[in-house]
Amino acid sequence: MASSDSSHGGTQTASEYIQHHLQNLTYGQKADGSWGIAHGAQEASDMGFWAIHLDSMFWSILLGCIFCGLFWLGAKRATAGVPGAIQNFCELMVEFVDQSVRDTFHGENKLIGPLALTIAVWVFLMNLMDLIPVDWLPWAAANMGIEYMKVVPTTDVNVTLGMSLSVFALIIYYSLKVKGGKGFLAELTLQPFSSDNKFIKYAFVPVNLLLEGVGLIAKPISLALRLFGNLYAGELIFILIALLPFYLQWMLSVPWAIFHILVIVLQAFIFMMLTIVYLTMAHEHH
Amino acid sequence: MNLNLTLIGQAISFAIFVLFCMKYVWPPLIGALRERQANIADGLAAAERSAQAKEEAQAEADELLKDARNQAAEIVAQAQKRHDQIVGDAQSAATSKGEQIMAAKQAEIEQEIVTARESLRQQVSSVAVAGAEKILKREVDASAHAGILDDLIAKI
């Protein structure tokens, strides 16, 4: 475990460096009952559920505000005539998202479009933080007296799970709204195995419930862990590369960063696309 | 990798950003896109229509031009015909007038010949009478011998 006194300074070992970089700035109740920022991973994990990662929240909200601000600027003066530069960019994104939504979802829903746009751009921006050299922002934060600074919100499983659980809530909401409680329950219990014989049909209920239940629960978990895993692994490799002597780092960090450009766009797109697909499935009758 | 309140915080901010996007970002942008799409579709349809109209106008103009050309050719042909006719008329008029004049002159000449002959006859008769007077040495009674004289004159 990285201890707080070895987090800066020249005597840091490679393992301590890595652990320090993977540690969130956690605010919560300490063992002695006082509230404050955790020093070290053990103390942070001892805080339990009632603690918050200040760095993740800061960056994710900042990037969310950047997204909203930019698109609000573009939308504020939106005109059907010749668009300006910002409007042009925003329209490009909106059109792309709208096309993705309409290719998959064939219903009337005012939420899915904006939801998909928010996911695509916000997740992309959060992923994009991964391309900032791993030491810059933590170093700047350390100089401001902030001990830990993990700048890529999507490498925090809380962030990805927070989003995927919101999507899960929407899946449940629309399933209930479109199919009704009975329809949704039937979908969970009466398929994939079914029979015309009433007795056999009900005998299959536990099996079906198990299969469909796992399938349903797997949606938010896979959604969150896919994004988190990709970005966490990418971040970890950047950290490992940063352990090399500075004159060798570019040989690995440049190719990895270029490859990572693909990953961050792709993961944002996958998160958006799967959200659309899941919500489409929630709207479908079987 | 501890699960904690960050999860709830992220879900709340997610909801806020989605709602913001839903209220202030998506409708104006998608509205502008749809409107522009409609404008472009209208523009293309108008272009199509005007191209068709142009084609029709072109055909009409061609038709008019053809008619005009035919008419002009007809007029020229008519004029040519009229010209020929006028020239022909003039020629025949001139010819007949010339003939008329010639006939009149001929008649005149004949008249003059007759007159001349008559006067010659008169003179010859008077010369003959004078000759006869000289021969007879006496006055011939012109009236008494008019019958002989006339007979004489007719013989000359």
Side-chain angles (χ1 to χ4, degrees), chain A residues 22 24 26-28 41 44-54 56-57 60-61 64-65 67-68 70-72 74-81 83 87 90-91 93-95 97-98 110-111 113-115 117-119 121-122 153 156-163 165-167 169 228 232, chain B residues 1-69 71:
Chain A
L22 294 179
N24 280 108
T26 313
Y27 181 87
S45 83
D46 286 344
M47 284 174 172
F49 185 78
W50 299 104
I52 191 159
H53 293 157
L54 295 177
S56 293
M57 286 316 300
S60 104
I61 289 172
C65 288
F67 153 66
C68 283
L70 181 72
F71 276 74
W72 180 66
K76 198 172 52 165
R77 273 170 291 162
T79 156
Q87 194 197 336
C90 297
E91 279 183 3
M93 290 306 299
V94 167
E95 185 145 45
V97 170
D98 187 49
K110 282 194 169 68
L111 177 71
L115 176 76
L117 179 71
T118 308
I119 289 172
V121 182
W122 193 22
D156 183 348
V157 76
N158 289 295
V159 167
T160 59
L161 208 54
M163 295 179 82
L165 286 178
S166 306
V167 172
F228 162 73
Y232 189 81
Chain B
M1 245 187 290
N2 321 303
L3 286 181
N4 57 25
L5 271 181
T6 314
L7 195 152
I8 311 279
Q10 178 72 9
I12 292 167
S13 37
F14 185 39
I16 290 169
F17 288 136
V18 170
L19 287 176
F20 180 89
C21 189
M22 205 170 142
K23 199 156 166 54
Y24 297 107
V25 173
W26 189 263
L29 281 173
I30 208 82
L33 278 173
R34 296 268 185 280
E35 200 182 328
R36 189 174 314 124
Q37 243 164 17
N39 284 351
I40 290 171
D42 286 354
L44 286 176
E48 185 85 11
R49 275 199 304 277
S50 64
Q52 204 174 345
K54 188 201 150 216
E55 222 158 84
E56 277 164 17
Q58 184 72 48
E60 202 177 334
D62 284 352
E63 191 68 30
L64 284 175
L65 208 61
K66 211 172 98 193
D67 279 1
R69 236 180 240 135
Q71 245 167 12

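Below, read A as the first sequence line, B as the second, and so on, with proteins coming before strands; counting in each chain starts at 1. Just so you know, these numbers use all the heavy atoms, side chains as well, and skip hydrogens, waters and symmetry mates. Since the structure is predicted, the reported quantities are computational estimates derived from the model, not experimental observations.
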Item to complete: Let me know if B:Ile8 has heavy atoms under 4.5 Å from chain A in its side chain, its backbone, both or neither.
Response: side chain

Discussion item. Within the 4.5 Å heavy-atom criterion, are B:Phe17 and A:Val121 side-chain neighbours or not?
Written reply: no

Discussion item. Less than 4.5 Å apart, side chain to side chain, heavy atoms only: is that true for B:Val25 and A:Phe67?
Written reply: no

Discussion item. Can you tell me which of A:Arg77, A:Met57, A:Lys76 forms the most heavy-atom pairs within a distance under 4.5 Å of chain B?
Written reply: A:Met57

Worksheet item: Within a strict 4.5 Å, meaning less than it, do heavy atoms of the A:Glu95 and B:Leu33 side chains meet?
Response: yes

Worksheet entry | B:Val18 side chain near A:Leu111 side chain, heavy-atom distance below 4.5 Å | yes

Fill in: Side chains of A:His53 and B:Gln10 in contact at under 4.5 Å (non-hydrogen atoms)
no

Distance-only check: which donor-acceptor pairs under 3.5 Å involve side-chain atoms of residues 39-63 of chain B, not counting sequence neighbours?
from: B:Ser50; atom 1: OG; to: B:Ala46; atom 2: O; distance (Å): 3.3
from: B:Ser50; atom 1: OG; to: B:Ala47; atom 2: O; distance (Å): 2.9

Worksheet item: Any donor and acceptor pair, going by atom type alone, linking the side chain of B:Asn2 with main-chain N or O of A:Phe49 inside 3.5 Å?
Response: no

Discussion item. Is it the case that over 12 heavy atoms from other parts of the model lie below 6.0 angstrom from the CZ atom of B:Arg34?
Written reply: yes

Response to the item:
CD1 of B:Ile30 to CG of A:Asp98, rounded to nearest 0.5 Å, is 3.5 Å

Fill in: Distance, nearest 0.5 Å, that separates CG of B:Leu7 from OG of A:Ser56
11.0 Å

Discussion item. Is the shortest side-chain heavy-atom distance between A:Leu115 and B:Trp26 below 4.5 Å?
Written reply: no

Discussion item. Nearest 0.5 Å, please: how far is CD1 in A:Ile61 from CD1 in B:Ile12?
Written reply: 9.0 Å

Worksheet item: Do A:Tyr27 and B:Leu5 have side-chain heavy atoms sitting under 4.5 Å apart?
Response: no

Worksheet item: Which pair of non-hydrogen atoms, one from A:Ala78 and one from B:Leu29, has the smallest distance, and what is that distance?
Response: CB-CD2, 4.4 Å

Item to complete: Considering only heavy atoms and a distance below 4.5 Å, find which of A:Ser60, A:Gly74, A:Pro153, A:Ala169 pairs most often with chain B.
Response: A:Ser60

Response to the item:
Hits for side-chain contact (heavy atoms from CB on, under 4.5 Å) against B:Ala11, two or more places apart or cross-chain, chain-then-number order -> A:Ser166

Item to complete: Name the member of A:Ile119, A:Leu117, A:Val159 that forms the most heavy-atom pairs with chain B at distances under 4.5 Å.
Response: A:Val159

Discussion item. Using side-chain heavy atoms (C-beta onward) and a distance below 4.5 Å, is B:Cys21 in contact with A:Trp122?
Written reply: no

Fill in: Separation between CG of A:Asn24 and OG1 of B:Thr6, rounded to the nearest 0.5 Å
7.0 Å

Item to complete: Looking only at non-hydrogen atoms, find the nearest pair between A:Glu91 and B:Ala32 and report the distance.
Response: OE2-CB, 4.0 Å

Worksheet item: What do the steps show when you test A:Thr79 against B:Arg36 for side chain to side chain contact (heavy atoms under 4.5 Å, CB included), and what is the final call?
Response: CA-CA 8 Å; A:Thr79 156; B:Arg36 189 174 314 124; 5.8 Å; no

Worksheet item: Got a second to check how far B:Phe20's CZ is from A:Trp72's CH2, nearest 0.5 Å?
Response: 7.0 Å

Worksheet entry | Proximity breakdown for A:Thr160 and chain B, heavy-atom pairs closer than 4.5 Å | neither

